[in-house]
Structure formats: structure tokens, C-alpha cells
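Counting convention: from 1, in listed order, for ligands and their atoms alike.
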Amino acid sequence: MSIIEQIEAVLEKGSLDASPESRYVFRTDTTKFMGNPDVVVNVRTENEIAKIVSIASKNGVAVIARGAGTGMSGGAVPIKGGILLNFETMNEIIKIDPKKKLAFVQPGVITDDLRRSAREFGLYYPPDPSSSAVSTIGGNFAENAGGLHCVKYGVTSRYVKGFKFVDSSGIIQKCGVYDEDNTFPGAFVMIGSEGTLGIVTEIALELIDNPPLYDTYITYHDSLLNAIATVIKLKGTAINPAVIELIDKDALKAAVTYTNITLPENTEAVLIIKLDSYFLPELLEKTILIENIFSLMKVREFRKAENEDEERSFWDMRKAVSTSIKKISPDKMNEDICVPLSNMYSFIESTRDISEKYSLKIVVYGHAGDGNLHVNILFDKNNKTESNNARLASEEVFKKTIELGGNISGEHGIGLAKKNFLSLQYSKNEIAFMKKIKKAFDPDNIFNPDKIFNVTKG
Ligand SMILES: Cc1cc2nc3c(=O)[nH]c(=O)nc-3n(C[C@H](O)[C@H](O)[C@H](O)COP(=O)(O)OP(=O)(O)OC[C@H]3O[C@@H](n4cnc5c(N)ncnc54)[C@H](O)[C@@H]3O)c2cc1C
């Protein structure tokens with residue numbers, strides 16, 4: 001029997017799809033990388049997944065999990081062909097337990113659907129990647145996704161209290177709240193492992209009380225240095241903002257050109273800052289303190305949103321950056337580096353030097369509160385010189401990041417996009433150790449092969 005026939009025999013009718021159309025649709029994510037799955041399975045149950053993995057393992061065939069395909073590092077791209085498990089069909093919020101403040105979800109649940117459902121119980125699931133309207137909890141788990149509110153509340157891993165996964169032998173493993181007495185703590189290394197260690201089939205996530213009160217500010221700065229100094233000052237206080245987003249001048253220029261947004265003249269950088277609280281006196285205290293800090297830091301101008309419409313206009317500006325960049329440049333490399341706050345200014349300045357050196361626009365914005373910046377190198381892939389320069393410029397961006405004590409991926413993961421740069425950040429010994437973990441979980445290298453690094457079988 002062929003592999004497809006073997007898989008078909010263990011599935012419900014209609015789950016397997018080897019049509020050229022589906023195989024075409026699932027070739028890629030948001031990156032330029034392209035694969036070609038041999039077959040797509042619209043997964044429905046963990047038992048089915050266990051049987052598929054068993055077959056794959058016996059036949060040495062690759063198994064690639066896919067959430068919504070919003071990944072920005074090529075994680076869900078079936079570069080070696082194989083069986084693509086589409087989790088869009090396994091998208092049930094199984095239970096929200098308000099007493100234990102836990103949500104039990106299938107991996108295909110859309111992030112915002114969980115956030116909305118939690119709110120119905122007065123609860124809150126903080127991790128909010130900007131893709132949260134589309135991305136899945138399984139993809140967030142596998143990439144350890146961050147987001148706007150993570151500066152205060154932490155990234156996905158902070159909320160994972162347990163999960164079930166299918167291991168390389170096709171056995172369903174349970175950990176955390178699913179098996180409190182016998183959990184192997186080492187299994188938690190699965191979070192952020194980009195689908196390379198197993199297939200996650202259910203996740204238990206902690207929810208917290210929803211902070212009902214908030215205020216949102218926008219600040220306009222004469223200089224980038226002033227904006228970053230303000231971020232650093234804020235981080236050193238008890239204000240503990242829920243969001244601190246930075247938009248640098250070229251990113252602002254793009255947004256202003258293609259939207260109705262207006263800015264005070266000569267604005268060099270903008271911050272959008274959200275404060276939240278459970279208690280009104282605390283929120284009022286925070287607003288007094290933050291406005292004092294704005295005066296102390298000589299922030300050129302600031303506004304507190306007076307109503308929902310005004311608040312939305314602040315976020316619209318943030319969202320406009322990414323869409324406007326697409327209009328000014330046919331192609332972009334979007335790197336998601338992280339640097340310590342104390343080096344954020346030097347880092348952004350160095351991107352300006354790199355931009356000049358390679359005659360390419362580099363636009364910077366992002367989650368400044370935790371040093372996680374989106375560095376967009378703009379180019380035209382049909383122009384050979386620009387393509388080549390963009391590649392060299394991104395390598396310099398990574399080198400500078402490491403030199404300044406940073407990290408080549410703040411949230412998008414390594415996947416295919418950054419695997420060639422892994423050795424800039426990690427020593428040979430560290431990478432060898434990571435490979436040992438991969439081999440221990442997946443000796444036949446069937447799970448998402450060739451992502452993060454290449455390993456040989458056995
Ligand atoms: C406009 C935009 C904004 C974004 N903003 C952010 C942001 O603010 N923060 C952030 O962190 N990311 C962001 N991203 C990147 C992306 O949305 C995240 O990485 C997200 O977590 C991917 O989820 P997904 O469901 O699309 O996963 P996919 O792209 O489908 O897959 C991502 C990885 O997860 C693995 N995977 C999926 N399901 C499973 C499973 N059940 N078991 C094992 N492995 C699995 C895949 O194999 C792959 O390696 C953004 C992307 C876009 C397009």
C-alpha cells in the first residue's frame with residue numbers, strides 16, 4: 001500500500017486531500033519559501049494524528065503541522081514534502097474553567113476567538129500577536145508568540161499550563177495539568193520548538209482577571225533619542241505600562257503618505273502607550289505619574305485618548321505602518337530582532353548606517369517596551385543588486401544585534417528564514433546541544449525537518 005492509501009485507511013472520509021489545488025495552497029506561509037506537500041490532512045482528532053505519525057515514522061516521511069500559515073520564518077513550509085497536517089479543522093475551545101482560570105483548547109483555535117471567549121467570563125488571555133485575528137494557538141505555542149501586551153504580561157510560554165502531543169512513535173503524551181503526578185518537566189521544551197519535536201493536539205492555557213480600566217496615550221518626539229529615553233524611564237517606574245509601541249520616522253513617513261494621519265511638524269518618533277488597572281485610584285495615579293514623566297522628559301506633545309474613536313485612531317496609525325510599507329516597496333525583509341533597551345538607540349542608529357551603505361530604505365517600529373523591533377529592509381526582488389544588498393544588509397542587522405547583546409528573533413522564530421544566522425548567536429556547543437534535544441524527541445527526523453538547523457537521522 002502507498003503511504004497515501006495507508007493514511008486514508010485510518011482516517012474519516014474526506015479528511016485526506018491530495019488534490020493539486022490543496023497541495024498548492026499549503027506550499028508556503030507569509031515568507032518567500034516554497035515547499036510541496038505530498039498530501040494534506042484536515043485533522044480532526046488526536047487519535048487520527050497519532051496513527052498518521054505512526055505511519056510516517058515507519059516510512060520515514062516528514063510531518064508538518066500548520067496553523068493559519070501567518071508564520072514569518074517559513075515554519076509551516078513543507079520544504080521536504082511529506083504530510084501536512086492542517087489544524088484549521090481542529091479548532092474547538094473545549095472548555096473554559098473560570099474557577100481554575102484555565103482554557104482547554106484545540107491547536108487550531110484562532111487567538112482572538114480565545115481572547116473573546118475568555119472575556120465572556122471576565123477573564124483575559126494576554127498574548128496578542130498583531131496577527132491574532134488569524135493566527136492559531138497551536139502556531140503561537142510553536143513560535144512562543146509575543147505581542148503588544150507582552151511587555152507587561154509576558155509571552156505565550158508564560159500561560160501554557162499543560163498540553164498533549166503526539167511523539168515520534170505515534171504515542172499521545174500528556175504533561176502539566178493533563179498529568180500533574182507524572183509530568184516530565186522536560187516536555188515543556190516543546191513550547192517555541194517550531195513544530196520540530198512533536199505534534200501538539202491540545203493546550204491548557206492560564207487566564208487572568210481582565211483588567212477593566214485603561215488609558216491610552218500617544219506621544220510625539222523631536223528625536224528618536226528622546227522617544228527611547230522616555231521608554232527607558234517608563235520601564236524603571238511602577239507604572240508598568242501594558243503596551244509601549246515605537247514608530248520611527250521612516251515608518252511614520254510611510255504611514256502619513258498613504259493615510260489621512262497627520263502629525264505635528266518635525267515629529268521624529270511616536271510612542272503609543274497603554275496603561276491598565278483593576279482599580280480606578282491606581283489608574284488615576286498612573287496617569288498623573290506618566291504625565292509628569294512626559295514633562296520631565298520634555299516630550300514635545302502628548303495626547304490621552306478621550307474616547308474609543310480617538311484610541312482607535314492611535315492603533316490605526318500603528319497598523320497603517322505595515323500596510324503603507326507594502327505600498328512603498330514591492331518587497332521587504334521583516335526581521336524581528338530584540339536588543340536590550342539600553343542599546344536600542346545605538347541599534348536603530350546603526351540601521352541608518354546600514355541603510356546608507358546599501359542604498360536601501362530600512363524602516364523600524366515595534367514592541368519597544370521589550371526591545372523587540374521590526375526592522376523592515378525594503379527592496380525589489382527583480383532588481384539583482386537590491387536583492388543582494390538586502391541580503392547583506394540583513395546579515396549586518398543580525399551581526400549588530402548580537403554585538404549589542406541582542407537576539408536574532410524576538411518572536412517570529414528561526415524556521416528557514418534565520419537558520420543560516422543561528423551560529424551568529426549560538427556557539428557550536430550550544431547548537432550541538434539543541435540538536436541532541438531534537439534527536440532525543442525525534443530520532444528519525446520526521447517532524448518539520450530542515451527547520452532551525454539540519455540534523456542527520458539516528
Ligand atoms: C501581520 C502579521 C503580524 C504578526 N505579528 C506578530 C506578533 O506581533 N508577534 C508574534 O509573535 N508573531 C507575529 N506574527 C507571526 C505569526 O503570526 C506568529 O508566529 C504565529 O504564532 C503563527 O501562528 P500560525 O497559526 O499562523 O502558525 P503557522 O504559520 O501555521 O505555523 C507556525 C509554526 O507552528 C507550527 N505549528 C502549528 N501548529 C502546530 C501544532 N499543532 N503542533 C506543532 N507545531 C505546530 C508549524 O509547524 C510552524 O512551525 C505576525 C504575522 C503577521 C502576518
- Looking only at distance, does Arg66 have an N or O less than 3.5 Å from an N or O of ligand 1? no

- Message: What I want to know is whether Ala65 and ligand 1 share at least one N or O pair that is separated by under 3.5 angstrom.
- Response: yes

- Give the atoms of ligand 1, by number and element, whose distance to some non-hydrogen atom of Gly71 is under 4.0 Å. 26 (O), 29 (O)

- Note on the structure: d(Phe26 CZ, Asn86 CG) to nearest 0.5 Å is 4.0 Å

- Item | Inter-residue atom distance Asp248.CG - Ile228.CD1, 0.5 Å rounding | 7.5 Å

- Message: Quick check: Thr30 and ligand 1, any N/O pair under 3.5 Å apart?
- Response: no

- Does Ser135, backbone or side chain, put an N or O under 3.5 Å from an N or O of ligand 1? no

- Query: Which residue owns the protein heavy atom closest to atom 12 (N) of ligand 1, what's the atom, and how far is it?
  - Reply: His412 CD2, 3.6 Å

- Check each heavy atom of Pro107 against ligand 1 and say whether those closer than 4.0 Å belong to the side chain, the backbone, both or neither. side chain

- Query: Where does Glu411 meet ligand 1, judged by heavy-atom distances below 4.0 Å: at the side chain, the backbone, both, or neither?
  - Reply: both

- Message: Yes or no, since that's all I need: does a protein heavy atom fall within a distance strictly under 4.0 Å of atom 48 (C) of ligand 1?
- Response: yes

- Task: Distance to 0.1 Å, residue and atom name: give those for the protein heavy atom nearest to atom 53 (C) of ligand 1.
- Result: Thr70 O, 3.6 Å

Distance-only donor-acceptor hits, side chain of residues 267-274, under 3.5 Å, sequence neighbours excluded:
unit_1	atom_1	unit_2	atom_2	d
Thr267	OG1	Pro264	O	2.5
Lys274	NZ	His149	NE2	2.9

- Query: Do Arg27 side-chain atoms and Asn36 backbone N/O form a donor-acceptor pair below 3.5 Å?
  - Reply: no

- Query: Quick one: which ligand 1 atoms are inside 4.0 Å of a heavy atom on Gly67?
  - Reply: 25 (O), 28 (P), 30 (O), 37 (C)

- Task: Pick one of side chain, backbone, both or neither for how Lys451 approaches ligand 1, counting any non-hydrogen atom pair under 4.0 Å.
- Result: neither

- Query: Under a heavy-atom criterion of less than 4.0 Å, does His367 contact ligand 1?
  - Reply: yes

- Message: With respect to Asp128, determine whether any N or O atom, backbone or side chain, lies less than 3.5 Å from an N or O atom of ligand 1.
- Response: no

- Query: Any nitrogen or oxygen of His374, main chain or side chain, under 3.5 Å from a nitrogen or oxygen of ligand 1?
  - Reply: no

- Minimal heavy-atom distance between Gly138 and Ile203, with the atoms involved, is CA-CD1, 4.2 Å

- Query: Are side-chain heavy atoms of Glu143 and Glu194 found at a separation under 4.5 Å?
  - Reply: yes

- Between Gly147 and ligand 1, does any nitrogen or oxygen pair lie at a separation below 3.5 Å? no

- Among all protein non-hydrogen atoms, which one is nearest to atom 41 (N) of ligand 1, and what is the separation to 0.1 Å? Val200 O, 3.0 Å

- Message: In this structure, is the centre-to-centre distance between the rings of Phe441 and Phe447 below 6.0 Å?
- Response: no

- Task: Decide if atom NZ of Lys435 counts as having more than 12 heavy atoms of other residues, nucleotides or ligands within a radius under 6.0 Å.
- Result: yes

- Message: Quick test: of every protein heavy atom, which one is nearest to atom 38 (N) of ligand 1, and how far off is it to 0.1 Å?
- Response: Gly138 C, 3.7 Å

- Message: Show the nearest heavy-atom pair for residues Gly154 and Pro127, with the distance to one decimal.
- Response: O-CG, 4.3 Å

- Query: Relative to the heavy atoms of Asn448, which atoms of ligand 1 are at a distance of less than 4.0 Å?
  - Reply: 47 (O), 49 (O)

- Message: Would you call the rings of Phe163 and Phe141 parallel, tilted or perpendicular, taking 30° and 60° as the class edges?
- Response: perpendicular

- Message: Give the atom numbers and elements of ligand 1 that come within less than 4.0 Å of a heavy atom of Gly195.
- Response: 43 (C), 44 (N)

- For ligand 1, which part of Asp336 has a heavy atom less than 4.0 Å away: the side chain, the backbone, both, or neither? neither

- Determine whether any heavy atom of Gly198 lies closer than 4.0 Å to an atom of ligand 1. yes

- Message: Distance under 4.0 Å to a non-hydrogen atom of Gly75: what atoms of ligand 1 satisfy this?
- Response: 47 (O), 48 (C), 49 (O)

- Note on the structure: Any heavy atom of Phe87 under 4.0 Å from ligand 1? The part involved is side chain

- Protein heavy-atom partner closest to atom 5 (N) of ligand 1 - residue, atom, separation in Å: Ser130 N, 3.4 Å

Name every donor-acceptor pair, under 3.5 Å, that has one atom in a side chain of residues 66-77 and the other anywhere in the protein, sequence neighbours excluded.
unit_1	atom_1	unit_2	atom_2	d
Arg66	NH1	Thr28	O	2.7
Ser73	OG	His412	O	2.8

- Task: Any atoms of ligand 1 less than 4.0 Å from a non-hydrogen atom of Ala145? List them with their elements.
- Result: 11 (O), 21 (O)

- Note on the structure: Between the CD atom in Glu403 and the CZ atom in Phe347, the distance rounded to the nearest 0.5 Å is 11.0 Å

- Task: State plainly whether the residues Lys164 and Asp179 are in salt-bridge range, i.e. N to O under 4.0 Å.
- Result: no

- Asp29, any N or O under 3.5 Å of ligand 1 N or O: no

- Message: Using a 3.5 Å distance criterion without hydrogens, assess whether the side chain of Thr156 forms a donor-acceptor pair with backbone atoms of Ala145.
- Response: yes

- Message: Restricting to non-hydrogen atoms, name the atom on Met344 and the atom on Val339 that form the minimum distance, rounded to 0.1 Å.
- Response: CA-CG2, 3.9 Å

- Message: Using modelled atom types and a 3.5 Å cut-off, is there a donor and acceptor pairing between side-chain atoms of Thr136 and backbone atoms of Ile110?
- Response: no

- Query: Ala142 to ligand 1: N or O pair under 3.5 Å?
  - Reply: no

- Among side-chain atoms of Thr89 and Asn42, is any donor-acceptor pair under 3.5 angstrom? no

- Looking at atom 19 (O) of ligand 1, what's its closest protein heavy atom, distance included? Glu143 CG, 3.4 Å

- Does the N or O separation between Met72 and ligand 1 drop below 3.5 Å for any pair? no

